[in-house]
There are 2 protein chains.
Amino acid sequence: MTGTEMEDILDRWSSQARKGYFEMLLLARLNAGRAYGYQIVAALKQAPGFENLAEGTVYPVLTRMKKDGLVTAEWVAEDTGPPRKYYTVTELGARTLDAMQGIWRRMDEVLLAQPAKETS
Amino acid sequence: MTGTEMEDILDRWSSQARKGYFEMLLLARLNAGRAYGYQIVAALKQAPGFENLAEGTVYPVLTRMKKDGLVTAEWVAEDTGPPRKYYTVTELGARTLDAMQGIWRRMDEVLLAQPAKETS
DNA sequence: CCAACTACTATGTATTGCTATATATCTTGC
DNA sequence: GCAAGATATATAGCAATACATAGTAGTTGG
């Protein structure tokens, strides 16, 4: 009976939790090798929790990251099919990713630090 | 030169990352032992990243968690000072926290799973 | 021409966190 | 007994942000 309730709560929660996480994930993905938008969307759709990821979600983030100088973009003509816009992480992007992961780790530590039970 | 830029980016980012995290942290804190709102605010203000935490942030979350059945609340008259409202995690709350932490872990794994570099 | 691929944008909705304020209780000083 | 301050809970309103939906537009290949 409470199973469905919990799913509703988790849906709302994970939607919020994804917000900060997604940008870091995207940056990490690009840090592992340059990629183009359509490719990223297709790949992430298979990751758990991102089944409904749409292009309208990814491209604005890519644009913002480029504006912030975290990535650079480059059009590449392909032998087959339309040209693709490849994104590559900059040095600032790599350092920023590193800092994000550091904050993420620290959050983990605070979460795991179980404070002593207060016995009234 | 890029140091300040990066801080701006990280500020915006961590503000988003906190959103989902905070609710889980609050639930974890209560899971370690019942507590009242003012106490939680005072304690969390000392945690890294929550220096500016305000009551107006915590109480709405507590109210929502109570409405969702994750916690119960109980007024307790104190020997000294005004009465306090203690929050206790319910069984649903404990299970929900467990599920949240599972999702959090899975996010971690996806983040750490470095996909093989695509060599064009 | 049509279908698939690729990039992008506009808009609506939901949510958060912060500020400010209101209310009630207890303690202290006088 | 009363005013002032500390403790404690709560809510309304605001600005900022992200996500999802849906739609546009261009290119290539059959």
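Naming convention: chains lettered A, B, ... in sequence-line order (proteins, then strands); numbering from 1 in each chain. If you're wondering where the values come from, they're calculated on a predicted model, not measured in any experiment.
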- Message: For the OH atom of B/Tyr86 and the CD atom of B/Glu74, what is their distance to the nearest 0.5 Å?
- Response: 10.0 Å

- Return each pair, listed once, that meets side chain to side chain donor-acceptor pair (under 3.5 Å) where at least one residue sits in residues 52-66 of chain B; pairs must be two or more places apart or across chains. B/Glu23-B/Arg64

- Message: Between C1' on D/dC19 and CG on A/Leu25, what's the gap in Å once rounded to a whole number?
- Response: 15 Å

- Task: Check whether any side-chain nitrogen or oxygen of B/Arg12 sits under 4.0 Å from OP1 or OP2 of D/dA18, and answer yes or no.
- Result: yes

- Message: With rounding to the nearest 0.5 angstrom, report the CG to CG distance, B/Asp98 to B/Leu27.
- Response: 10.5 Å

- May I ask you to say what A/Trp75 touches in the nucleic acid, namely base, sugar-phosphate or nothing, with a heavy-atom cut-off under 4.0 Å? sugar-phosphate

- Message: Under 4.0 Å from OP1 or OP2 of D/dT9: is there any side-chain N or O of B/Tyr36 that close?
- Response: no

- Nearest 0.5 Å please: distance from the OG atom of B/Ser14 over to the NZ atom of B/Lys19. 11.5 Å

- Task: Identify which nucleotide among C/dG17, D/dT17, D/dT9 has an atom closest to any side-chain atom of B/Lys85, counting heavy atoms from C-beta outward.
- Result: D/dT9

- Item | Short side-chain N/O contact from B/Tyr38 to OP1 or OP2 of D/dT9, under 4.0 Å | no

- Note on the structure: In 5'-to-3' order, the base (B), backbone-only (S) or no-contact (-) status of each nucleotide in nucleotides 18-30 of chain C, using a 4.0 angstrom heavy-atom cut-off, is BB-----BSS---

- Note on the structure: Atom CG of B/Leu62 and atom C1' of D/dA10 are separated, to the nearest Å, by 11 Å

- Task: Using whole Å, report how far CE of B/Met65 lies from P of C/dT15.
- Result: 16 Å

- Item | Where at least one partner belongs to residues 77-89 of chain A, residue pairs that pass salt bridge (Lys or Arg N to Asp or Glu O under 4.0 Å), sequence neighbours excluded | A/Glu78-A/Arg84

- Send over the distance from A/Phe22 CZ to D/dC19 P, rounded to a whole Å. 7 Å

- Message: Checking contacts here: which listed nucleotide (C/dG17, D/dA18, C/dT6) is nearest the side-chain heavy atoms of A/Arg64?
- Response: D/dA18

- Roughly, in whole Å, what's the span from CZ in A/Phe50 to P in D/dA20? 9 Å

- Note on the structure: In B/Arg95, B/Glu91, B/Met65, the residue satisfying side-chain contact (heavy atoms from CB on, under 4.5 Å) with B/Leu70 is B/Met65

- Item | Nearest-nucleotide 5' precedence on DNA chain D, B/Arg84 against A/Val61 | B/Arg84

- Item | Residues forming a side chain to side chain contact (heavy atoms under 4.5 Å, CB included) with A/Phe50, sequence neighbours excluded | A/Arg18, A/Tyr21, A/Phe22, A/Leu25, A/Ala47, A/Leu53

- B/Tyr21 atom OH is separated from C/dT15 atom C1', nearest whole Å, by 20 Å

- Query: Does B/Glu109 pair with B/Arg105 as a salt bridge, N-O distance under 4.0 Å?
  - Reply: no

- Message: I'd like to check the side chain to side chain donor-acceptor pair (under 3.5 Å) partners of B/Trp13; sequence neighbours left out, ordered by chain and number.
- Response: none

Polar pairs (N or O, both sides) under 3.5 Å between protein and nucleotides 13-16 of chain D?
none

- Query: To the nearest Å, how far apart are B/Lys45 NZ and C/dG17 C1'?
  - Reply: 14 Å

- Query: Roughly how far, to the nearest 0.5 Å, is the CD1 atom of B/Ile103 from the CG atom of B/Asp108?
  - Reply: 13.0 Å

- Atom pair distance, as rounded to whole Å: CD in B/Glu51 and P in C/dG17: 15 Å

